[in-house]
2 protein chains.
Amino acid sequence: MGALTRIGAEHELSLTQLRVLGILRDRTPRMAELADYLGLEKSTMSGLVDRAERRGLLARARSLDDGRAVEVFMTAAGLELAERVHTEVRRALDPATGRLDATERQALTRLLERMLGSAPA
Amino acid sequence: MGALTRIGAEHELSLTQLRVLGILRDRTPRMAELADYLGLEKSTMSGLVDRAERRGLLARARSLDDGRAVEVFMTAAGLELAERVHTEVRRALDPATGRLDATERQALTRLLERMLGSAPA
DNA sequence: TATTGTTATACTCTATAACTATA
DNA sequence: TATAGTTATAGAGTATAACAATA
């Protein structure tokens, strides 16, 4: 988490904004789902999405299924930033992951995926 | 992280304050070390420690080795809260850890400890 | 009526810059 | 001079309560 906080800061992203980008890499959730993933209130999400949208990292779209709901998705710029940050985080964790050999890393990945239902972020 | 955020909030602790308590459970770091663990600036630490100290969760003491340094340590109330939160977090993660059998959990713990140098938080 | 999301408000979190005190 | 920490300030993050729109 310290590494995430530090790398996020280098891109003017709070830990929370970093988590938002992480989630949106492979999903297009509604505001309420996003708040739920993050463990935050929906009113908090409004502000977070406002600021990220103003920066051009993501966008909102009214749901076609439910006129009350709003879907959040990444822009090209957001995806690009998310990939860049992801690469930097991997690199920052190299000293840690490097303590394991290839077999151990594979075992760790498998265990975490089994535990988390292959859900990242 | 979502679980940590949610459980922290139930005790009026931000994710960051939760991490502070987690670190102080088994260490007595200086302000600068604490900031470094968390990936934050030292000026940010001053505010975080101020507020937690005002709540009676932790305290400061001037270092005997270095008159400039300040050591941070938990109070009895802080330790008690940290234990309570720790228990709740474990319980919240039960559905995830429960997907692994005892052998797998042991393997996971061992891999993570090897990777992180047996440092928690 | 219940649910989804936003707004208003107040406090916490955070970084930058300038400062004090000790080394 | 350099390092450890604090303070002042401004902006981001957060929850609560009240609200509008849709179901």
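In what follows, chains are A, B, ... by sequence order, proteins preceding strands, each numbered from 1. Computation of the quantities below employed the complete heavy-atom set of this structure, encompassing side-chain atoms and omitting hydrogens, waters and symmetry-equivalent molecules.
Nucleotide dG5(D) holds its P atom 12 Å from the CG atom of Asp36(B), rounded to whole Å. Per the geometry, CG belonging to Asp50(A) stands 13 Å off P belonging to dG5(C), to the nearest Å. dT14(C) atom P lies 12 Å from atom CE of Met1(A), rounded to whole Å. To the nearest angstrom, P of dG5(C) lies 10 Å from CG of Leu34(A). For the pair Leu18(A) CG and dA12(D) P, the computed distance is 17 Å after rounding to whole Å. Between the CE atom of Met31(B) and the C1' atom of dT6(D) there is a distance of 9 Å, rounded to whole Å. Atom-to-atom, CD of Glu71(B) to C1' of dG5(D) comes out at 13 Å; the value is rounded to the nearest Å.
By the 4.0 Å N-to-carboxylate-O rule, Glu12(B) lies too far from Arg55(B) to be salt-bridged with it. Salt-bridge formation is not detected for the pair Lys42(B)/Glu33(B): no Lys NZ or Arg NE/NH1/NH2 atom is positioned less than 4.0 Å from an Asp or Glu carboxylate oxygen. Under the 4.0 Å criterion applied to side-chain N and carboxylate O atoms, Glu71(A) and Arg60(A) are not assigned as salt-bridge partners.
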May I have the list of side-chain donor-acceptor pairs in residues 73-88 of chain B shorter than 3.5 Å, sequence neighbours left out?
unit_1: Thr75(B); atom_1: OG1; unit_2: Gly56(B); atom_2: O; d: 2.6
unit_1: Thr75(B); atom_1: OG1; unit_2: Leu57(B); atom_2: O; d: 3.0
unit_1: Thr75(B); atom_1: OG1; unit_2: Ala77(B); atom_2: N; d: 3.4
unit_1: Thr75(B); atom_1: OG1; unit_2: Gly78(B); atom_2: N; d: 3.1
unit_1: Glu80(B); atom_1: OE2; unit_2: Arg84(B); atom_2: NH1; d: 3.4
unit_1: Glu83(B); atom_1: OE1; unit_2: Arg25(B); atom_2: NH2; d: 3.3
unit_1: Glu83(B); atom_1: OE2; unit_2: Arg25(B); atom_2: NE; d: 3.1
unit_1: Glu83(B); atom_1: OE2; unit_2: Arg25(B); atom_2: NH2; d: 3.3
unit_1: Thr87(B); atom_1: OG1; unit_2: Glu83(B); atom_2: O; d: 3.0
unit_1: Glu88(B); atom_1: OE1; unit_2: His11(B); atom_2: NE2; d: 3.1
unit_1: Glu88(B); atom_1: OE2; unit_2: His11(B); atom_2: NE2; d: 3.0

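A donor atom on one side chain and an acceptor atom on the other are found under 3.5 Å apart for Arg27(B) and Tyr37(B).
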- Task: Determine, step by step, whether Val49(A) and Arg54(A) satisfy the side-chain contact (heavy atoms from CB on, under 4.5 Å) criterion, reporting the C-alpha distance in whole Å, the side-chain angles of both residues, the deciding distance to 0.1 Å, and the verdict.
- Result: CA-CA 8 Å; Val49(A) 170; Arg54(A) 215 176 301 139; over 6 Å; no
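Residue Arg60(A) is classed as a sugar-phosphate contact, given heavy-atom separations below 4.0 Å to backbone atoms only.
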- Which parts of nucleotides 13-23 of chain D does protein reach within less than 4.0 Å, heavy atoms only, written one letter per nucleotide 5' to 3' as B for base, S for sugar-phosphate only and - for none? BBBBB----BS
